Peer 1: 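To start, I am sharing the structure in question, which I have written as structure tokens.
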Amino acid sequence: MQPAISNSPVRLAANRWEMLIRPERGGRITSLRLDGAEILDQGIGVDQPTAEGFVEGGAWGWDEMVPNVEPTDSLPDHGEAWRVPWHVMEWPTDMVTMRCSGRLVPWELQRSIVLKADAVLVNYLYENVGPSVQYAYWCAHPLFKFESGMEIDVPDGARLARIAEGTSEKVFLPPGSVDRVRLGWKSGARIEMSWDPALTPYVGVWVCNGDLGGYRQIAIEAATGGNDLPDPSAPPPLLAPGGTFEWWLQIRAL
């Protein structure tokens with residue numbers, strides 16, 4: 001039996017963390033609080049999940065980008081995962097397992113989130129459910145709050161932290177060059193986002209300081225493949241029919 005699609009928010013709480021997820025809204029994590037302080041961008045009041053473009057639909061919170069970010073002739077802007085409902089499979093108070101399926105490309109993504117004492121651990125499983133080989137492309141898309149002058153622990157981070165008002169920029173780090181990034185806000189909240197570069201070697205950093213209608217956000221975008229889409233020149237894992245690929249992501253309080 002197919003697990004249910006919940007039209008009610010999924011709430012998790014444990015230790016220093018609180019999380020709110022909307023399964024019917026592409027599994028979007030709409031809130032992540034550390035010691036009561038919100039660290040995800042809450043947007044500019046736009047929430048239109050049926051919009052053609054990701055920004056037009058409301059670019060805020062934390063989504064999963066599958067099977068692409070940049071649109072192609074056959075794939076929509078920022079992929080399919082944020083557009084489809086997610087099924088809740090397991091939901092105790094401090095963890096949740098959810099799953100969604102592609103419509104244009106035959107894939108399934110399972111995401112399990114566990115709130116630990118000082119960290120949020122996310123485990124992923126991608127499966128090729130189609131009849132042909134398929135690139136397992138995924139990109140993390142947590143849109144954290146941006147503050148001018150905040151800590152951004154990446155090469156050229158000091159410059160990115162002070163980009164001009166009304167502008168945005170995305171940079172790509174050399175593949176496999178980093179396995180963690182620290183972010184810090186003026187409130188004193190600090191986090192470290194980490195991953196296994198052998199599994200997700202490609203990393204982009206997106207910073208927006210009042211651009212695109214007023215968004216203020218920073219995203220650390222670890223990915224299984226490069227160039228924001230399934231590109232053979234920077235390929236994600238290639239899966240045979242029925243093949244799977246697993247990886248993880250962690251956000252730790254500092």
Side-chain angles (χ1 to χ4, degrees), residues 9-22 28-47 58-64 93-96 111 113-123 139-171 173 177-197 200 203-222 248-254:
V10 169
R11 299 177 185 274
L12 303 178
N15 303 295
R16 303 172 65 184
W17 300 98
E18 298 171 73
M19 180 180 285
L20 187 65
I21 310 169
R22 287 176 56 187
R28 172 171 287 183
I29 301 171
T30 58
S31 176
L32 179 60
R33 293 180 175 271
L34 172 60
D35 297 328
E38 181 63 63
I39 61 174
L40 291 179
D41 179 35
Q42 296 299 290
I44 56 175
V46 178
D47 189 14
W60 55 280
W62 177 349
D63 294 284
E64 314 298 340
T93 57
D94 59 351
M95 67 89 64
V96 65
R111 180 182 68 186
I113 301 173
V114 180
L115 303 188
K116 304 172 76 173
D118 287 311
V120 177
L121 177 62
V122 191
N123 288 296
C139 177
H141 211 263
L143 294 167
F144 297 107
K145 294 170 63 175
F146 174 79
E147 297 173 343
S148 183
M150 69 180 293
E151 177 186 1
I152 306 175
D153 178 35
V154 298
D156 212 19
R159 183 189 64 81
L160 290 172
R162 298 191 179 280
I163 66 169
E165 173 72 24
T167 67
S168 58
E169 184 176 345
K170 186 169 184 176
V171 299
L173 306 182
S177 62
V178 296
D179 65 355
R180 65 196 64 213
V181 171
R182 290 188 297 274
L183 299 176
W185 293 270
K186 296 174 183 176
S187 66
R190 297 178 72 238
I191 62 169
E192 178 186 81
M193 180 172 162
S194 60
W195 54 89
D196 185 342
T200 52
V203 180
V205 181
W206 159 257
V207 179
C208 183
N209 186 20
D211 196 8
L212 305 178
Y215 287 101
R216 301 183 190 278
Q217 55 196 214
I218 176 170
I220 309 301
E221 302 181 6
W248 58 270
L249 188 69
Q250 180 174 268
I251 296 176
R252 183 170 65 91
L254 298 177

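Only a predicted model underlies this, so the values are computations on that prediction, with no experimental measurement involved. FYI, side chains are in, hydrogens and waters are out, and symmetry mates aren't considered; it's all heavy atoms of this structure.
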Peer 1: Report yes if some heavy atom in the side chain of Trp17 is under 4.5 Å from a heavy atom in the side chain of Leu12; otherwise report no.
Peer 2: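 No; the side chains remain at least 4.5 Å from each other.
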Peer 1: Are the side chain of Asp41 and the backbone N or O of Phe144 linked by a donor-acceptor pair below 3.5 Å?
Peer 2: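 Looks like no, no N/O pair under 3.5 Å.
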Peer 1: Tell me, do Arg216 and Lys145 make a side-chain contact under 4.5 Å, heavy atoms counted?
Peer 2: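 No; the side chains remain at least 4.5 Å from each other.
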Peer 1: Which atoms form the tightest heavy-atom contact between Ala14 and Asp94, and what is the distance?
Peer 2: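 In this case the closest contact between Ala14 and Asp94 is CB-CB, 3.8 Å.
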Peer 1: If you count the non-hydrogen atoms of other residues, nucleotides and ligands that lie under 6.0 Å from CZ in Arg182, is the total more than 12?
Peer 2: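 Result for CZ/Arg182: open.
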Peer 1: Using a strict threshold of under 4.0 Å (side-chain N to carboxylate O), is an ion pair present between Asp63 and Arg28?
Peer 2: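 Looking at Asp63 together with Arg28, the answer is yes, because their closest N to O distance falls below 4.0 Å.
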Peer 1: Rounded at 0.5 Å granularity, tell me how far CG in Asp196 sits from CG in Leu249.
Peer 2: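 With rounding to 0.5 Å, CG (Asp196) is 11.0 Å from CG (Leu249).
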Peer 1: Taking side chain as C-beta onward, heavy atoms only, is Ile113 less than 4.5 Å from Met19?
Peer 2: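 Heavy-atom side-chain distance check passes, below 4.5 Å.
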Peer 1: Can you tell me how far apart CD1 (Ile220) and NE2 (His141) are? Round to the nearest 0.5 Å.
Peer 2: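 These two atoms lie 11.5 Å from each other.
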Peer 1: I'd like to know if the side chain of Gln42 and the backbone of Thr30 have a donor-acceptor N/O pair within less than 3.5 Å.
Peer 2: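 Checked: pair present.
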Peer 1: Would you call Glu221 and Trp206 a side-chain contact if the rule is heavy atoms closer than 4.5 Å?
Peer 2: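 Result yes, sub-4.5 Å side-chain heavy-atom pair found.
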Peer 1: Going through the distances and angles, do Glu169 and Arg159 end up as a side chain to side chain contact (heavy atoms under 4.5 Å, CB included)?
Peer 2: CA-CA 11 Å; Glu169 184 176 345; Arg159 183 189 64 81; 2.7 Å; yes
Peer 1: State, with a plain yes or no, whether a side-chain heavy atom of Glu165 is found less than 4.5 Å away from one of Thr167.
Peer 2: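 When only atoms from C-beta onward are counted, Thr167 and Glu165 do not touch, as no gap falls below 4.5 Å.
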Peer 1: Between Tyr215 (side chain) and Ile44 (backbone), is there a donor-acceptor pair under 3.5 Å?
Peer 2: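 Flag not set: sc Tyr215 to bb Ile44 has no pair under 3.5 Å.
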Peer 1: Under the salt bridge (charged side-chain N to carboxylate O under 4.0 Å, His left out) test, which residues partner Arg33, sequence neighbours left out?
Peer 2: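 Counting only residues at least two positions away or on another chain, Arg33 forms a salt bridge (charged side-chain N to carboxylate O under 4.0 Å, His left out) with Glu38.
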Peer 1: Backbone N or O of Val46 within a donor-acceptor pair of the Trp60 side chain at under 3.5 Å?
Peer 2: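 Pair found, side chain donor or acceptor close to backbone of Val46.
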Peer 1: Nearest heavy-atom pair of Ile163 and Val207: which atoms, and what distance?
Peer 2: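 Minimum heavy-atom contact is CD1-CG1, 3.5 Å.
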Peer 1: Evaluate side chain to side chain contact (heavy atoms under 4.5 Å, CB included) for Asp156 paired with Val171, printing each intermediate quantity in order.
Peer 2: CA-CA 10 Å; Asp156 212 19; Val171 299; 5.8 Å; no
Peer 1: For the residue pair Trp248 and Ser194, establish whether any side-chain heavy-atom pair is separated by less than 4.5 Å.
Peer 2: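 They are in contact (side-chain heavy atoms under 4.5 Å apart), so the answer is yes.
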Peer 1: Tell me, yes or no, whether the heavy-atom count around Arg11 atom CZ, taken from other residues, nucleotides or ligands under 6.0 Å, exceeds 12.
Peer 2: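 At most 12 heavy atoms, drawn from other residues, nucleotides or ligands, come within 6.0 Å of this atom.
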Peer 1: Before giving the answer on side chain to side chain contact (heavy atoms under 4.5 Å, CB included), spell out for Leu254 and Ile191 the whole-Å C-alpha distance, their side-chain angles and the decisive distance to 0.1 Å.
Peer 2: CA-CA 5 Å; Leu254 298 177; Ile191 62 169; 5.6 Å; no
Peer 1: Checking Trp62 against Leu143 for the side chain to side chain contact (heavy atoms under 4.5 Å, CB included) test, could you report, in this order, the C-alpha distance in whole Å, the side-chain angles of both residues, the deciding distance, and whether it holds?
Peer 2: CA-CA 6 Å; Trp62 177 349; Leu143 294 167; over 6 Å; no
Peer 1: Heavy atoms only: give me the nearest Pro197-Asp179 pair and the separation to one decimal.
Peer 2: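 Shortest heavy-atom contact: CD-CB, 3.6 Å.
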Peer 1: How close do Lys186 and Glu147 get, heavy atom to heavy atom, and via which atoms?
Peer 2: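 Closest approach of Lys186 to Glu147, heavy atoms only: N-OE1, 2.9 Å.
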Peer 1: Might you work through the salt bridge (Lys or Arg N to Asp or Glu O under 4.0 Å) test for Asp118 and Arg252, ending with a clear yes or no?
Peer 2: CA-CA 6 Å; Asp118 287 311; Arg252 183 170 65 91; over 6 Å; no
Peer 1: Specify the closest pair of heavy atoms between Cys208 and Ser168, including all atoms of both residues, with the distance to one decimal.
Peer 2: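 What the structure gives for the nearest pair is CA-CB, 3.9 Å.
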Peer 1: Is the shortest heavy-atom distance from the side chain of Met193 to the side chain of Asp153 under 4.5 Å?
Peer 2: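 No, their side chains stay 4.5 Å or more apart.
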Peer 1: Within this structure, what is the CZ-CD1 distance for the pair Arg22 and Ile29, rounded to the nearest 0.5 Å?
Peer 2: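 It is 13.0 Å, given to the nearest 0.5 Å.
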Peer 1: In the structure I gave you, are the side-chain heavy atoms of Trp195 and Val203 within less than 4.5 Å of one another anywhere?
Peer 2: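 Trp195 reaches Val203 side chain to side chain.
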Peer 1: Rounded to the nearest 0.5 Å, how far apart are CG of Leu121 and CG of Leu115?
Peer 2: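 Answer rounded to 0.5 Å: 10.0 Å.
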Peer 1: Search all heavy atoms of Phe146 against all heavy atoms of Ile152 and return the closest pair with its distance.
Peer 2: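 Of all heavy-atom pairs spanning Phe146 and Ile152, the closest is CE1-CD1, 4.3 Å.
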